[in-house]
2 protein chains.
Amino acid sequence: MAEINSNTEQNILKAAKKVFVEKGMAGARMQEIANEAGINKALLHYYFRSKEKLFEAVFTEILSKLIPNISELLLSKLPLFEKIEKFAEHYIDTLLENPSIPVFILHELNRDPEGIARKIKSLGIQPKVFINEVKSEIEKGTIIQIDPFHLIVNLLSMCIFPIVSQPILRHIIFEEKEDVYLAFIEQRKKEVPEFIINAIRKK
Amino acid sequence: MAEINSNTEQNILKAAKKVFVEKGMAGARMQEIANEAGINKALLHYYFRSKEKLFEAVFTEILSKLIPNISELLLSKLPLFEKIEKFAEHYIDTLLENPSIPVFILHELNRDPEGIARKIKSLGIQPKVFINEVKSEIEKGTIIQIDPFHLIVNLLSMCIFPIVSQPILRHIIFEEKEDVYLAFIEQRKKEVPEFIINAIRKK
DNA sequence: GTCTATATCGGGATAGAC
DNA sequence: GTCTATCCCGATATAGAC
């Protein structure tokens with residue numbers, strides 16, 4: 001067990017991840033992945049029989065790193081407001097490292113709703129704990145009546161969407177100024193939780 | 001002027017739109033577009049010289065219908081809170097008709113940031129009016145201090161993201177129940193403005 | 001395990017008849 | 001304007017030497 005996967009295999013996966021995420025399954029070229037990995041096309045097929053198989057491997061790896069990240073924070077023992085603060089901060093950071101991943105996932109989901117969705121589901125996300133926590137805060141009267149699902153979706157939306165629409169925001173609003181855009185996203189780590197807590201806190 | 005474009009040309013555009021939005025530029029097949037339009041591959045090239053040109057036509061059409069829709073509402077004369085309410089309602093409706101379009105745009109933007117972004121910019125979005133309106137409400141003391149950009153981005157995020165992540169939400173949260181998901185989105189037309197106004201109204 | 005060379009096929013594009 | 005037939009390139013995949 002704990003067998004160390006060969007260096008080449010890891011190189012390939014890393015290169016494939018980059019190219020697939022950028023270009024999508026259909027737009028990616030095996031040649032480009034080979035170049036990126038500094039090896040030969042034939043070797044790709046030696047390690048992963050086909051493009052399809054290589055894609056599966058990449059996609060599964062991406063999901064299995066991303067999803068637990070979400071779950072972990074939602075399940076942690078922090079009080080609700082702090083949880084929201086920590087979540088926004090960590091999640092925006094994670095997304096900044098791989099800003100193209102959400103669009104990649106959503107795009108591929110469009111292509112193959114069946115297969116991909118099954119993969120996601122098999123990772124077993126558990127929103128129950130968080131939902132109960134929200135309900136209990138409502139009963140305690142610390143926050144207003146709100147459907148926990150809307151709260152989660154609002155939180156996720158405000159964290160994820162500004163990152164995935166980076167190209168549009170950069171061009172339309174920030175006129176190409178990369179640093180201004182990044183400062184804006186940086187602010188959002190505080191701004192989003194504040195906004196949410198303002199919206200739900202009972203005064 | 002006001003020349004009526006041939007029926008065939010319109011059929012092609014409609015078919016191409018469907019296939020391109022679903023599969024993306026790279027994943028789309030000219031054959032599939034031809035089938036969808038009930039015509040022959042060669043005819044596609046007769047009307048639009050190449051796949052690239054056809055794609056351009058489709059993309060431009062999509063943008064020119066979507067963007068003015070946004071601008072119009074943001075520029076209207078309604079008071080701020082009503083504007084937010086109307087915007088959420090109309091925008092969510094628009095998205096429900098074409099839920100795949102935002103991801104399509106974002107995906108293609110990843111592929112060709114230069115070209116696509118130029119197209120978007122050339123449509124001339126004007127957020128100035130809305131921004132000034134927010135600033136004036138802050139001065140009047142009706143809403144809290146908030147950067148208008150964050151407000152716009154929050155509003156757009158909460159409208160757009162839940163629709164584009166429909167496949168994920170449906171599978172993870174709503175366990176395939178299409179109608180439950182749709183009811184949820186329907187609620188959001190009221191929920192989102194309420195949430196936002198709660199967050200910014202001075203009490 | 002890694003390479004070069006090649007088979008095979010799918011898909012965009014064109015030619016030319018009607 | 002619309003079709004059938006065909007060209008031709010690019011991309012996946014395989015064979016086989018090292």
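Just so it is clear: chains get the letters A, B, ... in the order the sequence lines come, proteins before strands, and each one is counted from 1.
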Phosphate contact (D/dG1 OP1 or OP2) by B/Ser6 side-chain N/O below 4.0 Å: no

B/Phe59 six-ring face occupied by B/Arg111 cation (under 6.0 Å, within 45°): no

Phosphate contact (C/dT2 OP1 or OP2) by A/Tyr47 side-chain N/O below 4.0 Å: yes

Selected nucleotide, minimal atom distance to A/Lys51 side chain, candidates D/dG1, C/dT14, D/dT12: D/dT12

Nearest to side-chain heavy atoms of A/Asn40, which nucleotide of D/dC3, C/dA13, C/dC3: C/dC3

Nucleotide nearest A/Thr8 when distance is taken to its side chain, options C/dT2, C/dA13, D/dA13: C/dT2

Residue B/Met30, side-chain heavy atoms: nucleotide from C/dA13, C/dG1, D/dC3 that is nearest: C/dA13

Selection from D/dA13, D/dT12, C/dA13 that lies nearest to any side-chain heavy atom of A/Arg29: D/dT12

Value in whole Å for how far the P atom of C/dA13 lies from OH of B/Tyr46: 17 Å

Donor-acceptor side-chain pairing of A/Gln31 and A/Asn35 below 3.5 angstrom: yes

Of the listed nucleotides C/dG1, D/dC3, D/dT12, the one nearest the side chain of A/His45: D/dT12

Touch class at under 4.0 angstrom, heavy-atom based, for A/Ala34 against every strand present: nothing

